[in-house]
Colleague: 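Please see the structure below; I have some questions.
The model shown is predicted, which means the values in this text are computed figures rather than measured ones. First listed ligand is number 1; within each ligand, the first listed atom is number 1. Just so you know, residue 1 is the first one in the sequence shown, and it goes up from there.
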Amino acid sequence: MTSIGIIGSGFGSIAVAVELARSGHTDLRLWERADDIGGVWRDNTYPGAGCDVPSPLYSFSYEPNPRWTRRYALQQEIHDYIRTVADKHGITPRVRFGAEVVAASWNESAATWDVTFTDGTTETVDILISAVGQLSRPVLPTIDGIESFSGTSFHSAQWDHSFDATGKRIAVVGAGASAVQLVPHLARDAAELLVFQRSPNFLMPKPDKPYTSVHKALFKIAPLSQRIERGGIWALMEQFARGLDDESRVGRINKSIALKHLRKQVTDPTLRAKLTPDYPIGCKRVLFSNEFYPALAQDNVEVITRAITRVTPTGVIDADGVEHEVDAIIYATGFDSQDFLESIDITGSGGQKLATQWTDGAHAYLGMYVPHFPNLFVTYGPNTNLGGGSIIFMLEAQARHMRQAIDRLEAGSFRTVEVTEEAEEAYDKELLDKLNHSVWAHCDNWYRHRSGRITSNWPGATLPFAQATKVLEPSAFRWS
Ligand code: NAP
């Protein structure tokens, strides 16, 4: 029986664990550094946290949830969903909590991975699967004096629930997907809210709605109805993703919808100008909210587009030298998405270091397999993130492909599977051609490595990825 170790316990990990468990692979071990499963849906608990992909699609195809309370579920409900799926498929008891992996090393003669944890313990497995995600390491900005602030400050992904915003003067740094969700909540309670926005984002209306008891009964009695909603959302999002190519007609339509939303919700021309992006739509992640613009238009809220040059013990100083005294600073400044798997020292065959191989940005065959790293599979790896669409759809496709690789190993009595350099290079060349014609090449965004390579995103719609991963191509790999 092949022993399989999976690092992490977020959606990626659960997707692959369930796929493997359902096909009879029972020697599964999941290692989770925290004390609960859920990944980003466990960690991001800021007020208003939720998913801007509709829940019928942001869920496993084989685990529809007729109990979603609304079309765009909030964090708690999504976290509960992951836990429910993991429990139902017997995954939860396989998780070792408080187990943070620091290193993994390929043992050539034994054809196994030796995995080391922060406490110095080790485990050995035949197959190692990384499912650490792309957005699990919060980043604080490098601003002079940031340590000197004497008020409350924290990152959006490390929300301090003892913090009460009522009557406070608060600075929020950042205006991305997290800020868009949390700012309306803070704006309700704060005496004064300063939103430091370095770049504006395109924002689309969010067709959210609560599911009534009639919806829920229908989803339960006639599951096809929820499948139809899922299919409709998927088809719409596939169209949206097609708008992420250079100069696309769909992109122009998306842009006009976003700018109409801005015109409708923000009447003040000065504020509107501040909120109008000057880059192609989709280059930074398009956001969805009905509440962000109205919050920014409130009297107690100010959008400041000047950079923060210094943090002082009592506030921040902007690029015009104006000092803003605040009681709290909340950093909605995103995550370290550039260096994939950076926190784990991974050594493959011949002593090759994964970090060295990826110095100019991560790349992998189908986002999952790396030459010189036998029996290492990466879930939600390089170029598998989406500019629009459901990551769960992508994760399921990856899980199915990994399951085929393990099945073939066992059926052929092989010990190792390793993608060939030729297959990876040919795949990468084609991928880069597409990426270079995408909107992401035209502005700064978290999808790009500092070398300029777009490392995070899959170019285009999700169907081509599902097709490319549907049937494993044995000749792309060395089996031994
Ligand atoms: P983000 O999208 O990377 O946004 C970070 C924000 O902080 C940006 O506005 C950025 O400005 C700003 N920023 C960074 N460093 C700064 C500095 N030194 N000074 C001033 N501003 C600075 O991070 P996020 O909002 O946490 O979202 C990250 C990703 O998580 C999203 O793109 C999405 O994939 C995921 N997410 C998803 C959802 C969902 O609903 N599905 C919700 C939240 C998050 P620039 O734009 O100029 O860099």
Colleague: Does a salt bridge link Arg306 with Asp320, judged by any charged N lying under 4.0 Å from a carboxylate O?
Modeller: yes

Colleague: Give the numbers and elements of all ligand 1 atoms closer than 4.0 Å to a heavy atom of Lys284.
Modeller: 45 (P), 46 (O), 47 (O), 48 (O)

Colleague: Has the side chain of Arg272 got a donor or acceptor atom that lies under 3.5 Å from a matching backbone atom of Gln265?
Modeller: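 Looks like no, no N/O pair under 3.5 Å.
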
Colleague: Answer yes if the ring centres of Phe163 and Phe154 are under 6.0 angstrom apart, and no otherwise.
Modeller: yes

Colleague: Does any N/O atom on Arg285 come nearer than 3.5 Å to any N/O atom on ligand 1?
Modeller: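 For ligand 1, there is an N or O atom that lies under 3.5 Å from one belonging to Arg285.
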
Colleague: Which one of Thr333, Val180, Val173 has a non-hydrogen atom at the shortest distance from atom 20 (C) of ligand 1?
Modeller: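 Nearest heavy atom to atom 20 (C) of ligand 1 lies in Val173.
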
Colleague: Tell me the nearest of His155, Lys206, Arg198 to atom 19 (N) of ligand 1, using heavy-atom distances.
Modeller: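 Among His155, Lys206, Arg198, the closest heavy atom to atom 19 (N) of ligand 1 belongs to Arg198.
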
Colleague: For the rings on Tyr369 and Phe377, is their centre-to-centre separation under 6.0 Å?
Modeller: yes

Colleague: Number the atoms of ligand 1 from 1 as they appear, then name those within less than 4.0 Å of a heavy atom of Ser199, with their elements.
Modeller: 45 (P), 46 (O), 47 (O)

Colleague: Do Phe60 and His89 make the cut of ring centroids closer than 6.0 angstrom?
Modeller: no

Colleague: Applying salt bridge (charged side-chain N to carboxylate O under 4.0 Å, His left out), can you list everything that pairs with Asp327, at least two apart in sequence or on another chain?
Modeller: Arg169

Colleague: Between Glu77 and Arg70, is there a side-chain N and carboxylate O pair less than 4.0 Å apart?
Modeller: no

Colleague: List every atom of ligand 1 that sits less than 4.0 Å from any heavy atom of Pro141, numbering the atoms from 1 in the order shown and giving each element.
Modeller: 17 (C), 18 (N)

Colleague: At a non-hydrogen distance cut-off of under 4.0 Å, which region of Phe335 contacts ligand 1 (side chain, backbone, both, or neither)?
Modeller: side chain

Colleague: So, Tyr58 versus Phe11, ring centres under 6.0 angstrom or not?
Modeller: yes

Colleague: May I ask you to decide if the ring planes of Tyr293 and His261 are parallel, tilted or perpendicular, using 30° and 60° as cut-offs?
Modeller: tilted

Colleague: Under 4.0 Å between a side-chain nitrogen and a carboxylate oxygen: does that hold for Asp339 and Arg450?
Modeller: yes

Colleague: Indicate yes or no: does Arg285 engage Asp52 in a salt bridge with an N to O separation below 4.0 Å.
Modeller: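 Looking at Asp52 together with Arg285, the answer is yes, because their closest N to O distance falls below 4.0 Å.
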
Colleague: How close does the nearest protein non-hydrogen atom get to atom 36 (N) of ligand 1, and which residue and atom is it?
Modeller: Ala177 CB, 3.8 Å

Colleague: Taking both backbone and side-chain atoms of Ala179, is any N or O found less than 3.5 Å from an N or O belonging to ligand 1?
Modeller: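 Ala179 vs ligand 1: no N/O contact under 3.5 Å.
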
Colleague: Answer side chain, backbone, both or neither: which part of Gln181 comes under 4.0 Å from ligand 1, heavy atoms only.
Modeller: side chain

Colleague: Looking only at protein heavy atoms, which one is nearest to atom 41 (N) of ligand 1, and how far off is it?
Modeller: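 It is Asp52 OD1, 3.1 Å.
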
Colleague: Considering the heavy atoms of Tyr46, write down every atom of ligand 1 situated less than 4.0 Å from one of them.
Modeller: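 In order of number, 42 (C), 43 (C).
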
Colleague: How many angstroms lie between atom CD of Gln134 and atom OH of Tyr447, to the nearest 0.5 angstrom?
Modeller: 10.0 Å

Colleague: State the atoms of ligand 1, each with its element, that fall below the 4.0 Å cut-off from a heavy-atom position in Gly174.
Modeller: 6 (C), 7 (O), 9 (O), 12 (C)

Colleague: Tell me which part of Tyr279 gets within contact of ligand 1: side chain, backbone, both or neither, using heavy atoms under 4.0 Å.
Modeller: neither

Colleague: Geometry only, no angles: is Trp446 polar-contacting ligand 1 at N/O separations under 3.5 Å?
Modeller: yes

Colleague: Against ligand 1, does Gly50 come closer than 4.0 Å with any heavy atom?
Modeller: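 Yes.
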
Colleague: Considering non-hydrogen atoms of the protein only, which is the closest contact for atom 9 (O) of ligand 1, and what is the distance?
Modeller: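 Nearest neighbour among protein heavy atoms for atom 9 (O) of ligand 1, to 0.1 Å: Ala175 N, 2.9 Å.
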
Colleague: Can you tell me if Asp428 uses its side chain to pair, donor with acceptor, with the backbone of Glu424 under 3.5 Å?
Modeller: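 No; zero donor-acceptor contacts below 3.5 Å.
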
Colleague: For atom 35 (C) of ligand 1, which candidate among Ile143, Leu135, Val40 provides the closest heavy atom?
Modeller: Leu135

Colleague: Looking at non-hydrogen atoms alone, which of Gly334, Ser390, Ala332 comes nearest to atom 6 (C) of ligand 1?
Modeller: Ala332

Colleague: For atom 25 (O) of ligand 1, what is the closest protein heavy atom, and at what distance to 0.1 Å?
Modeller: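 For atom 25 (O) of ligand 1, the nearest protein heavy atom comes out as Ser178 N, 2.8 Å.
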
Colleague: So which heavy atom in the protein is nearest atom 4 (O) of ligand 1, and how far is it from that ligand atom?
Modeller: Gly176 CA, 3.7 Å

